[in-house]
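Each remark here refers to the structure printed beneath this line.
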Amino acid sequence: MKVLVTVMPKVGVLDPQGKAIGHALAGLGFAGVGEVRAGKVIELEIAETDAARAKQLAEEMARKLLANTVIESFRVEVA
Amino acid sequence: MQAAIVVFPGTNRERDMALALRRATGRKPAMLWHRDTELPAGTDLVVLPGGFSYGDYLRCGAMAAQSPIMRAVKDFAARGGHVLGVCNGFQMLTEAGLLPGALLRNATLRFLSMDCHMRVERADTPYTHRFRRGQVFRATMAHGDGNYFADPATLDELEAEGRVILRYATPAGEVTEAANRNGSARGIAGIASANLRVLGLMPHPENQVDPAIDGTDGMPLFESLAETLASAA
């Protein structure tokens, strides 16, 4: 079962990467882009048929390794 | 003092660290591999050196914090052992939960390879007693992710408990925005655990331990440790 873990910098945590992307977009002439935040998506193939169980497992993985909850938040979706 | 330096795949500052410790103690530190599961008998200092462990995959220090040797390092710290983490080692200490906070991408987004100055905020710790309080010393920084972050409550707690040991400063000892090149919260360059035995800092004091190569500004840190651990033995 495929599970997507989206990891984002927490609100209030400086995201210089997002800022730089925002500046670059403005430089390319894209007007009206507000705040830009950059995170990452981790795709997991989990040997599990129960969606709830797969989600629970991925959340545990996120808390232990995939995200650093001091600075990042995460969201798990079963694809 | 019997020091052990942990080497991870991608670590590249272990030899400089070994040299610094040997100069301070006259003893050669043990070199451990990340897959080792225990520290050599009699180890009284563990050092996590700088580099790019596991290619900085996922987050700097995240993989290293999960490697087999880290369980032994955590147990050692819990028993009151001394653990020094420099640069990537500091990142590992935060990822392993041995020190609070995290190291974010430098505020400028640039890798910073340059000298900096640090002000010693406390000279009554195992790592700094050969400095004077307020003394400024020079060290080299070489990192892309050295921007110390913690939530305001954690920062206040660190300050209240006297756990901010080093701050970026001008050569004259002023903590200014310009001196804080990576954008660290409150100019923090190095923090310690509550018992002051675990220290993490981003700059490399082991760069400045040889009078023939860029001076000996970093030497007091290693001499402090050597003295602390010699008297404890």
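Residue numbers start from 1 in every chain, and the chains themselves are labelled A, B, ... in the order their sequence lines are given, proteins ahead of strands.
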Should we say atom [atom1] of [X] is surrounded by more than 12 heavy atoms from elsewhere, each under 6.0 Å from it?
X: B/F111; atom1: CZ; value: yes
X: B/E177; atom1: CD; value: no
X: A/E77; atom1: CD; value: yes
X: B/R181; atom1: CZ; value: no
X: A/K19; atom1: NZ; value: no
X: A/R63; atom1: CZ; value: yes

Nearest 0.5 Å, what's the [atom1]-[atom2] distance between [X] and [Y]?
X: B/T94; Y: A/I71; atom1: OG1; atom2: CD1; value: 8.0 Å
X: A/K10; Y: B/D151; atom1: NZ; atom2: CG; value: 7.5 Å
X: A/L65; Y: B/R59; atom1: CG; atom2: CZ; value: 6.0 Å

Under 4.5 Å from any heavy atom of chain B - which part of A/K40: side chain

Per-residue contact mode, A/Q17 against chain B (heavy atom under 4.5 angstrom):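 For A/Q17, the contact with chain B is made by backbone and side chain together.
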
Could you have a look at A/P9, A/G12, A/A67 and say which one has the most heavy-atom pairs with chain B under 4.5 angstrom? A/A67

Which one wins on heavy-atom pair count under 4.5 Å against chain B: A/L66, A/L14, A/D15? A/L66

Minimum heavy-atom separation for [X] and [Y], please, with both atom names.
X: A/V13; Y: B/F149; result: CG2-CZ, 3.5 Å
X: A/N68; Y: B/A102; result: ND2-CB, 3.9 Å
X: B/A107; Y: A/P16; result: O-CB, 3.8 Å

B/N106, part contacting chain A, at a heavy-atom distance under 4.5 Å: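 Contact with chain A is through the backbone of B/N106 alone.
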
What part of B/L58 gets closer than 4.5 Å to chain A, counting heavy atoms only: side chain, backbone, both or neither? both

